[in-house]
Amino acid sequence: MAAPSAAQRIVIENAAIATVDAHDTEYASGHLVVAGNRIESLGAGKAPENLENVVRRIDATGHLITPGLVNTHHHFYQWITRGLATDHNLFNWLVALYPTWARIDERMVRVAAQGSLAMMARGGVTTAMDHHYVFPQGSGDLSGAIIGAASEMGVRFTLARGSMDRSEKDGGLPPDFAVETTEGALAATEETVKKHHDASFDSMTQVAVAPCSPFSISTELLREGAALGRRLGVRMHTHGSETVEEEKFCHELFGMGPTDYFESTGFLGEDVWMAHCVHMNDSDIAAFARTKTGVAHCPSSNARLAAGIARVPDMLKAGVPVGLGVDGTASNESGELHTELRNALLINRLGAHRESALNARQALRLGTYGGAQVLGRADNIGSLEAGKLADFVLWKIDGLGHSSIADPVTAIVFGAAAPVTASFVNGKQIVENNRLLTVDEDTIARDARTEAQRLARIAAQG
């Protein structure tokens with residue numbers, strides 16, 4: 001699907017380029033030509049002569065161009081509950097925070113989404129996702145608020161419309177008024193898909209069906225959610241195998257481990273991706289590989305909550321699609337995905353494979369093409385190739401933090417978080433010199449503080 005010949009063009013030259021294509025093609029000094037919202041051409045050396053309708057030329061000397069980063073797991077609303085329960089494991093952290101999360105409303109969610117998106121976007125994320133599953137009664141149009149924030153920011157976006165129907169009275173963790181009925185959750189999810197999901201090649205907004213986790217959903221919601229996703233032709237998402245406590249819970253309640261439980265409900269498949277997947281045995285990994293189920297690897301959150309080290313090298317070797325996720329910012333306060341490139345590499349080297357676990361290019365692939373695979377968009381984003389959508393980042397690597405590292409990819413993965421000189425989504429620039437062009441960061445920061453304080457007051461009043 002080539003761009004129209006009359007499209008306006010942007011020409012970028014003199015940059016190192018890591019395409020992350022199937023051959024890991026790289027150029028020490030190359031060019032990238034954008035026509036409209038598509039990548040028209042790229043390669044070594046200067047751009048072709050006599051290109052028509054060139055509206056902008058960028059000399060990218062001292063920069064590395066990569067595909068835009070793709071975030072595969074997040075909870076935006078947590079932006080206004082950062083820094084709480086900092087010494088808890090997952091289960092105790094959830095118990096501590098659910099009473100506060102159950103008080104969110106539309107204004108809070110929109111501001112939290114703006115904060116979460118802003119932090120990621122200015123750090124090189126061009127495709128974001130949000131797994132939102134807390135819908136307190138009378139809280140307003142939370143899905144619309146999140147999608148509106150992403151549209152305003154100018155990022156490509158997947159809303160994983162979450163749901164919970166197992167509250168405290170049913171042995172779950174969330175307060176009773178913070179969950180939906182099974183029928184209500186399924187109906188609201190279907191309505192959200194029909195209202196907001198765009199399946200086109202150029203889509204800026206997609207919706208997935210996403211029951212929350214075994215701790216907070218019934219088997220019926222999981223099974224019917226899988227059936228709904230397939231009937232509507234959209235992807236499906238949930239949390240899986242995050243902690244040893246979850247594995248014990250599934251064995252006690254369902255008589256099987258999490259992976260077998262998910263498969264028994266239809267919630268494995270090439271249209272499914274699962275967050276975390278820390279505690280996976282060989283059989284679990286084989287099941288994911290056989291069904292092409294994807295994984296959102298969240299190294300910082302897994303470390304923050306002491307969940308463990310996911311077996312990412314084994315997953316990749318088996319052929320499991322793996323992308324990177326920030327996870328909610330109540331368990332990864334930095335809220336950035338470009339730091340996850342480094343953390344994924346370092347944390348996985350603490351595991352069984354040690355120094356051979358991951359290398360710099362594998363880490364970059366996790367954060368770009370791997371994420372596109374997991375979100376079902378590898379045909380249009382995730383690598384720099386002619387005909388794909390123009391989502392890419394210019395990382396500055398000639399400054400103090402990176403200039404003495406000869407290899408550009410090593411520089412941005414092993415080095416400090418590289419400055420983003422420019423980030424483009426759908427052919428439009430949204431970041432310049434580490435500042436967002438589409439929204440005002442200072443306003444978002446003030447609003448987020450205000451809403452965090454308002455939520456804290458409401459939660460304290462019970």
Side-chain angles (χ1 to χ4, degrees), residues 1 36-38 67-77 79 106 109-121 124-133 135 140-163 188-210 225 228-237 271-273 294 296 323 325-326 337 368 371-382 388-392 423-431 436-439 444:
M1 300 177 68
N37 70 339
R38 308 288 176 85
L69 301 183
V70 179
N71 182 45
T72 62
H73 187 65
H74 210 312
H75 308 296
F76 289 174
Y77 74 90
W79 186 259
E106 184 175 336
V109 167
R110 183 176 181 88
V111 168
Q114 290 173 327
S116 295
L117 285 160
M119 201 68 188
M120 286 188 293
V125 168
T126 56
T127 297
M129 73 79 68
D130 182 31
H131 185 193
H132 188 87
Y133 53 84
F135 291 89
D141 182 10
L142 305 189
S143 294
I146 297 163
I147 290 170
S151 177
E152 180 184 47
M153 197 81 57
V155 299
R156 210 173 296 283
F157 181 59
T158 293
L159 173 67
R161 203 290 181 183
S163 51
T189 300
E190 181 168 3
E191 180 184 2
T192 303
V193 172
K194 290 181 175 178
K195 184 176 182 179
H196 296 290
H197 181 70
D198 177 6
S200 70
F201 186 93
D202 305 73
S203 171
M204 292 294 291
T205 304
Q206 297 197 341
V207 180
V209 176
L228 175 65
R230 293 191 173 112
R231 176 164 62 82
L232 298 176
V234 298
R235 298 185 73 74
M236 295 168 287
H237 181 57
D271 51 1
V272 177
W273 83 105
V326 169
L337 192 69
T368 53
Q373 278 186 298
V374 162
L375 295 184
R377 303 207 62 172
D379 63 334
N380 49 43
I381 61 172
K388 284 198 166 186
L389 296 168
D391 295 5
F392 58 94
S423 183
F424 287 78
V425 182
N426 217 39
K428 298 177 181 178
Q429 187 171 353
I430 66 166
V431 175
L436 291 160
L437 298 176
T438 51
V439 295
I444 291 174

Legend entry - Heavy-atom side-chain proximity of Asp130 to Ser116 below 4.5 angstrom: no
Inset, instruction - Classify the angle between the aromatic ring planes of Tyr77 and Tyr133 as parallel (below 30°), tilted (30 to 60°) or perpendicular (above 60°). - result: perpendicular
Inset, instruction - Report yes or no: does Gln206 contribute a side-chain atom to a donor-acceptor pair with the main-chain N or O of Asp198 at less than 3.5 Å? - result: yes
Inset, instruction - For the pair His237 (side chain) and Ala210 (backbone), establish whether a donor and an acceptor sit closer than 3.5 Å, ignoring hydrogens and angles. - result: no
Inset, instruction - Nearest 0.5 Å please: distance from the CG atom of Asn71 over to the CZ atom of Phe157. - result: 10.0 Å
Legend entry - Min side-chain heavy-atom separation Val439-Gln114 under 4.5 Å: no
Legend entry - Side-chain touch Arg110/Glu152, heavy atoms, less than 4.5 angstrom: yes
Inset, instruction - Taking the side chain as every heavy atom from C-beta outward, state whether Trp273 and Leu375 have any atom pair closer than 4.5 Å. - result: yes
Inset, instruction - Determine yes or no for a side-chain-to-main-chain donor-acceptor pair under 3.5 angstrom, with Asn426 supplying the side chain and Lys428 the backbone. - result: no
Inset, instruction - Evaluate the ring planes of His131 and His75, with Trp represented by its six-membered ring, and classify them as parallel (under 30°), tilted (30 to 60°) or perpendicular (over 60°). - result: tilted
Inset, instruction - Evaluate the side-chain proximity of Glu106 to Leu142: yes if any heavy-atom separation is below 4.5 Å, no if none is. - result: yes
Inset, instruction - Using a strict cut-off of less than 4.0 Å between a Lys/Arg side-chain nitrogen and an Asp/Glu carboxylate oxygen, indicate whether Lys194 and Glu190 qualify as a salt bridge. - result: yes
Legend entry - Heavy-atom donor-acceptor pair, Asp391 side chain to Gly68 backbone, under 3.5 Å: no
Legend entry - Least distance between heavy atoms, Gly144 atom then Asp141 atom: N-OD1, 2.9 Å
Inset, instruction - For the residue pair Phe135 and Arg161, establish whether any side-chain heavy-atom pair is separated by less than 4.5 Å. - result: yes
Inset, instruction - Taking the side chain as every heavy atom from C-beta outward, state whether Thr368 and Leu69 have any atom pair closer than 4.5 Å. - result: yes
Inset, instruction - Answer yes or no: is there a donor N or O on one side and an acceptor on the other, between the side chain of Arg156 and the main chain of Asp202, under 3.5 Å? - result: yes
